[in-house]
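Please read the structure below before turning to the comments.
These figures come from a predicted structure and were not determined experimentally. The chain is numbered in sequence order, starting from 1.
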Amino acid sequence: MNIQIELISESDLADESFNIVIDGLKPSETYRVEMYLSDYYCINAPMLLAHNVLWKSTATFVSDKNGIIDISQTPSCSGSYEDIATMGLFFNAKPLTNRKKKLPNSLSKIPLLDHFFVEIKIIQGNTVVAERTFTRHYMSSQISHQDIYRKHFQGRLFYDKKAIKAPALIIVSGSEGRIEKAQNIAQLLSSRGYICLAVAYFGLEGLPKHLERIPL
């Protein structure tokens, strides 16, 4: 079999939806599709979850008469989700462990992740018959960034050097007060044509320790 795995998307940005099409399978046979996300940062995950934890989802499909599984049209029979959902594998991925990380105290030591990997495995019985890995980016290659230190806040500025004029956004996250979630949002929005300042206002070295009497 010459199995082809294709990721179809308007861009390789992390906030762009995508479809997976698998061609070259045996017609009308059952396959298990597994998705693994690595180096993946999810703003809905606990802050202490290590970024290098592997995420996984799985779904079982029956190929059509032409030997094709099109995730946007082929229903999942079982697994992490059922029925038809183009982004079903991605949205239902779960971390395989709850391994925790130690949060750095200073802005300069907080990593800036600019991409993650999507690995697709096609399995029939106990045999992996095809696999392929794709890269998804949190920000476009033309986006620059710099750290900003002020009296009452610290932040990271994301901008396109070639943009003469662009609308500006200030991104703040919730009661955790740090910058990881805000910067992830800022990365994506800066790739959509905005100048974005992700702000940390407590919880880092040089800032208040708690969400209490924070200067606005």
Side-chain angles (χ1 to χ4, degrees), residues 7-19 36-55 87 90-91 93 95 100-119 132-209 211 214-216:
L7 186 149
I8 302 170
S9 180
E10 291 187 7
S11 76
D12 61 3
L13 287 174
D15 61 346
E16 193 82 65
S17 62
F18 60 82
N19 184 31
Y36 295 88
L37 307 177
S38 55
D39 286 337
Y40 174 58
Y41 181 78
C42 176
I43 63 171
N44 295 318
M47 286 289 296
L48 293 176
L49 184 68
H51 80 270
N52 55 357
V53 166
L54 198 63
W55 294 57
M87 295 288 287
F90 181 79
F91 286 142
K100 296 181 179 180
K101 63 184 176 185
K102 184 178 180 181
L103 296 175
N105 290 324
S106 64
L107 176 63
S108 62
K109 294 182 180 178
I110 294 177
L112 185 67
L113 305 176
D114 66 351
H115 65 273
F116 66 95
F117 300 103
V118 179
E119 182 182 9
R132 187 174 177 186
T133 300
F134 303 92
T135 304
R136 307 293 286 173
H137 293 272
Y138 291 117
M139 61 184 185
S140 302
S141 58
Q142 74 269 19
I143 299 300
S144 300
H145 66 89
Q146 67 181 84
D147 291 352
I148 306 292
Y149 295 88
R150 294 293 183 266
K151 182 178 179 181
H152 295 304
F153 79 92
Q154 297 173 17
R156 276 187 173 148
L157 182 68
F158 297 88
Y159 59 97
D160 184 345
K161 287 183 177 180
K162 295 181 180 179
I164 299 174
K165 285 187 177 182
L169 300 174
I170 296 174
I171 313 294
V172 295
S173 54
S175 58
E176 78 284 344
R178 296 172 59 86
I179 201 172
E180 287 89 340
K181 294 185 179 184
Q183 79 172 6
N184 187 253
I185 296 169
Q187 286 174 284
L188 291 166
L189 289 175
S190 67
S191 302
R192 300 296 186 181
Y194 296 91
I195 296 171
C196 295
L197 176 63
V199 173
Y201 48 98
F202 77 96
L204 290 179
E205 187 177 73
L207 297 175
K209 291 184 178 180
L211 181 56
I214 301 296
L216 297 180

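- Residues S17 and F91 form no side-chain contact, since every pair of their non-hydrogen atoms from C-beta on lies 4.5 Å or further apart.
- With S190 contributing its side chain and F158 its backbone, the two residues share no donor-acceptor pair below 3.5 Å.
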*Output, in order, the C-alpha distance, side-chain angles, deciding distance and verdict of side-chain contact (heavy atoms from CB on, under 4.5 Å) for V172 and Y201.*
CA-CA 8 Å; V172 295; Y201 48 98; 4.1 Å; yes
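- Judged by distance alone, the side chain of S144 and the main-chain N or O of K161 form no donor-acceptor pair under 3.5 Å.
- Ring geometry for F90 against F18 counts as perpendicular: the plane angle is over 60°, on a 0 to 90° scale with 30° as the lower cut.
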*Where do Y36 and T133 land on the side-chain contact (heavy atoms from CB on, under 4.5 Å) test, with the steps shown first?*
CA-CA 9 Å; Y36 295 88; T133 300; over 6 Å; no
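- Atom NZ of K100 has 12 or fewer neighbouring heavy atoms from other residues, nucleotides or ligands inside a 6.0 Å radius.
- Every residue was checked against the salt bridge (charged side-chain N to carboxylate O under 4.0 Å, His left out) condition with E119, not counting sequence neighbours, and none meets it.
- Residue Y159 holds its OH atom at 9.0 Å from NE2 of H145, rounded to the nearest 0.5 Å.
- Between the side chains of S11 and E16, at least one donor N or O sits under 3.5 Å from an acceptor N or O.
- Taking CE of M47 as the start and CG of L103 as the end, the distance is 5.5 Å to the nearest 0.5 Å.
- Residues meeting the salt bridge (charged side-chain N to carboxylate O under 4.0 Å, His left out) test with R136, sequence neighbours left out: none.
- Taken from OH in Y138 to CZ in F116, the straight-line distance is 5.0 Å, to the nearest 0.5 Å.
- Formation of a donor-acceptor pair under 3.5 Å by the S173 side chain with backbone atoms of R178 is found in this model.
- A 4.5 Å side-chain heavy-atom check between L7 and S9 finds at least one atom pair inside the cut-off.
- Listed by first and then second residue, the salt bridge (charged side-chain N to carboxylate O under 4.0 Å, His left out) pairs involving residues 36-48 amount to none (not counting sequence neighbours).
- In terms of heavy atoms, G193 sits closest to P167 at O-CD, 3.8 Å.
- In this structure, E180 does not pair ionically with R156, as no charged nitrogen and carboxylate oxygen lie closer than 4.0 Å.
- Here the side chains of V118 and T135 are not in contact, with every heavy-atom distance at 4.5 Å or above.
- With a 6.0 Å radius and a threshold of 12 heavy atoms from other residues, nucleotides or ligands, Q142 has its CD atom above the threshold.
- Smallest separation of non-hydrogen atoms from L107 and G155: CD2-O, 3.6 Å.
- When every heavy atom of S38 is checked against every heavy atom of L54, the shortest pair comes out as CB-CD1, 3.7 Å.
- Taking the six-membered ring where the residue is Trp, W55 and Y40 present perpendicular rings, their angle passing 60° and hence far from 30°.
- Applying the 6.0 Å contact sphere to CD1 of I170 captures no more than 12 heavy atoms from other residues, nucleotides or ligands.
- Results of the side chain to side chain contact (heavy atoms under 4.5 Å, CB included) test with S140 over L188, L13, D160, D114 single out L13 as the only residue that passes.
- Atoms CZ and CG, from F153 and L197 in turn, are 5.5 Å apart once rounded to the nearest 0.5 Å.
- The backbone N or O of I43 sits less than 3.5 Å from a side-chain atom of K181, completing a donor-acceptor pair.
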*Where do L112 and M139 land on the side-chain contact (heavy atoms from CB on, under 4.5 Å) test, with the steps shown first?*
CA-CA 10 Å; L112 185 67; M139 61 184 185; 3.9 Å; yes
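- Of the candidates R192, H137, Q187, D15 forms a side chain to side chain donor-acceptor pair (under 3.5 Å) with just one, namely R192.
- I179 places none of its side-chain heavy atoms less than 4.5 Å from the side chain of Q154.
- Summarising the geometry, atom CG belonging to N184 is positioned 11.0 Å from atom CD1 belonging to I171; distances are rounded to the nearest 0.5 Å.
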*From CA spacing to verdict: side-chain contact (heavy atoms from CB on, under 4.5 Å), F134, D12*: CA-CA 9 Å; F134 303 92; D12 61 3; over 6 Å; no
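- The SG atom of C196 sits 12.0 Å away from the CD atom of Q183 when rounded to the nearest 0.5 Å.
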